[in-house]
Amino acid sequence: MTNINKRRVKKMIFPEKLKIRDVTLRDGLQNEPVFVETDQKINKIKNLIEAGFDRLEVTSFVHPKWVPAMKDADELGQNLPMARGVEYEALVPNKRGLDRFLNSKIHNALFFLSASTQHNQANLNKSSNESLIEIKDLIEETTKEGRKTIGAISTAFVCPFAGIVPYSEVERIAEYLVNNGVCELGLGDTIGKATPRQVYEYCSRLVEKFPDIPIGLHLHDTYGYGLANVMAGIQAGVQLIDVAQAGLGGCPYAPGSPGNIQASRVVKFLEKQNIKTGLDLEHLTTLDTEFPQLLGDSKGLTKTV
């Protein structure tokens with residue numbers, strides 16, 4: 001008998017359902033030169049809720065000088081349509097951003113930093129360790145106010161400046177965030193260069209280390225690895241996947257991050273494997289056309305599976 005015949009084949013995991021979070025209003029629009037008016041954003045949020053989303057990342061409390069597309073964060077945060085079971089989330093970069101967040105109707109604060117200190121310096125103008133020290137106080141204050149905290153680790157796999165990020169650095173940051181009280185972790189493949197093997201290895205090790213902390217994936221489809229990385233994450237035990245309508249998105253401080261994984265493609269991919277998402281594919285196909293139209297693209301950016 002050959003070694004191949006002796007080898008045990010691990011059974012794949014196909015969960016009955018998977019939680020999908022929409023990030024179009026934040027990540028999908030943050031790098032666009034066209035500003036989408038607040039009332040238009042609110043209408044699209046209503047459309048997303050109608051499509052079945054109950055977790056939506058809607059804005060970032062960054063200084064509008066750095067990300068002009070988010071200049072209406074305060075107005076949007078005060079006028080969100082409230083719906084039973086729907087949770088809104090926003091990026092919070094610092095103490096000033098936290099004050100603005102706490103004055104909004106947004107439920108969850110997403111504190112972010114990069115596993116690569118080179119990217120963190122470009123994105124936040126400080127080292128990763130400096131960000132961790134600041135985030136500790138932000139988590140404490142947010143928790144006291146009864147809001148949920150999420151720790152998001154950008155460039156968790158590959159950095160545009162430093163290359164492959166060691167797992168040990170990702171785990172170090174994740175452990176610090178968990179020890180200081182975050183309710184959930186997210187790993188970002190910021191420039192879409194992570195391979196399915198790397199996604200599986202990093203995520204499975206974190207799931208094993210933090211069994212009580214939900215772990216999500218934020219993927220970009222730069223090299224066409226997006227759907228394969230979704231499946232790798234599922235096999236590793238990831239419980240949440242970020243998507244954007246029409247594959248919009250990209251980080252202004254990460255060269256080579258052209259777009260998030262497209263909502264309709266992910267949902268179709270999952271449902272072909274009998275993994276329920278609670279999302280209406282027909283609604284998503286319509287949004288693939290409507291979101292680009294807000295940005296002046298009359299054809300839309302829809303891809304097919």
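Every heavy atom of this structure was used, including side-chain atoms; hydrogens, water molecules and symmetry mates were not.
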**Student:** Under the 6.0 Å and 45° cation-pi test, does Arg96 pair with Phe61?
**Tutor:**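 No.
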**Student:** Is the closest side-chain heavy-atom distance between Phe291 and Leu48 below 4.5 Å?
**Tutor:**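 Side-chain contact under 4.5 Å: yes.
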**Student:** Measure the CD1-CG distance between Ile135 and Asn180 for me, rounded to the nearest 0.5 Å.
**Tutor:**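 Result: 10.0 Å between the selected atoms.
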**Student:** Are Leu270 and Leu279 co-members of a hydrophobic cluster defined by side-chain heavy atoms under 4.5 Å apart?
**Tutor:**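 Yes, one cluster joins them.
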**Student:** Are Val23 and Ile42 co-members of a hydrophobic cluster defined by side-chain heavy atoms under 4.5 Å apart?
**Tutor:**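 No, Ile42 does not connect to Val23 through the hydrophobic network.
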**Student:** Is any side-chain heavy atom of Val158 less than 4.5 Å from a side-chain heavy atom of Val165?
**Tutor:**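 Val158 does not reach Val165 side chain to side chain.
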**Student:** Tell me every residue that passes salt bridge (charged side-chain N to carboxylate O under 4.0 Å, His left out) with Glu75, counting only those two or more places apart in sequence or in another chain.
**Tutor:**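 For Glu75 there are no salt bridge (charged side-chain N to carboxylate O under 4.0 Å, His left out) partners, ignoring immediate neighbours.
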**Student:** Indicate yes or no: does Glu141 engage Lys144 in a salt bridge with an N to O separation below 4.0 Å.
**Tutor:**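 Result for this pair is no, no salt bridge flagged.
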**Student:** Could Arg55 and Glu184 be called an ion pair, given the rule that one side-chain N must be under 4.0 Å from one carboxylate O?
**Tutor:**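 Salt bridge flag = yes for Glu184 with Arg55.
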**Student:** Is Asp72 paired with Lys41 through a side-chain N to carboxylate O contact shorter than 4.0 Å?
**Tutor:**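 Salt bridge flag = yes for Asp72 with Lys41.
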**Student:** Taking the side chain as C-beta and beyond, is there a heavy-atom pair between Ile45 and Pro81 under 4.5 Å?
**Tutor:**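 Yes, their side chains come closer than 4.5 Å.
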**Student:** If you apply the rule side chain to side chain contact (heavy atoms under 4.5 Å, CB included), what do you find for Glu89 with Val58, and how did you get there?
**Tutor:** CA-CA 6 Å; Glu89 298 167 7; Val58 293; over 6 Å; no
**Student:** For the atom pair CG (Asn120) and CG (Leu113), what is the distance rounded to the nearest 0.5 Å?
**Tutor:**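 Result: 5.5 Å between the selected atoms.
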**Student:** Kindly confirm or rule out a cation-pi arrangement of Arg21 over Phe53, judged by NZ or CZ under 6.0 Å from the six-membered ring centre and within 45° of its axis?
**Tutor:**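 Ring-cation test returns no.
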**Student:** May I ask you to say whether Arg197 pairs ionically with Glu201, meaning some side-chain N is under 4.0 Å from a carboxylate O?
**Tutor:**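 Answer for the salt bridge query: yes.
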**Student:** Could you give the distance from OG1 (Thr285) to CD (Gln245), rounded to the nearest 0.5 Å?
**Tutor:**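 Those atoms lie 9.5 Å apart.
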**Student:** Mind checking who shares a hydrophobic cluster with Ile150, ILVMFWY linked at side-chain heavy-atom distances under 4.5 Å?
**Tutor:**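 Direct or chained contacts put Ile150 with Leu91, Leu110, Phe112, Leu124.
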**Student:** So does Glu134 pair up with Lys126, basic N to acidic O under 4.0 Å?
**Tutor:**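 Result for this pair is yes, salt bridge flagged.
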**Student:** Measure the shortest side-chain to side-chain distance between Ile139 and Val182 over non-hydrogen atoms and say whether it is less than 4.5 angstrom.
**Tutor:**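 With C-beta onward as the side chain, the pair touches.
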**Student:** Just so I know, are the side chains of Arg265 and Phe269 near enough to count as touching, which here means a heavy-atom distance under 4.5 Å?
**Tutor:**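 Contact flag for Arg265/Phe269 side chains = no.
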**Student:** So Thr142 and Leu98, do their side chains get closer than 4.5 Å, heavy atoms only?
**Tutor:**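 Sidechains of Thr142 and Leu98: in contact.
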**Student:** Could you tell me the separation between the SG atom of Cys203 and the CG atom of Leu185, rounded to the nearest 0.5 Å?
**Tutor:**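 Cys203 atom SG to Leu185 atom CG measures 10.5 Å (nearest 0.5 Å).
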**Student:** Look only at the side chain of Glu130 and the backbone of Ser127, and say whether a donor-acceptor pair between them is shorter than 3.5 Å.
**Tutor:**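 Judged by distance alone, yes, a pair lies under 3.5 Å.
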**Student:** Is Glu271 paired with Lys276 through a side-chain N to carboxylate O contact shorter than 4.0 Å?
**Tutor:**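 A salt bridge is absent here (no side-chain N lies under 4.0 Å from a carboxylate O).
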**Student:** So how far is it from Leu281 CG to Ser264 OG, rounded to the nearest 0.5 Å?
**Tutor:**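 Reported value, rounded in 0.5 Å steps: 6.5 Å.
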**Student:** Could Lys193 and Asp189 be called an ion pair, given the rule that one side-chain N must be under 4.0 Å from one carboxylate O?
**Tutor:**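 Salt bridge absent between Lys193 and Asp189.
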**Student:** Using 4.0 Å as the upper bound for N to carboxylate O, is an ion pair formed by Glu175 and Lys209?
**Tutor:**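 Result for this pair is yes, salt bridge flagged.
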**Student:** Is the shortest heavy-atom distance from the side chain of Lys44 to the side chain of Leu287 under 4.5 Å?
**Tutor:**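 In contact.
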**Student:** Taking the cut-offs as 6.0 angstrom to the six-membered ring centre and 45 degrees off its axis, would you call Lys105 and Tyr88 a cation-pi pair?
**Tutor:**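 Checked: cation-pi criterion not met.
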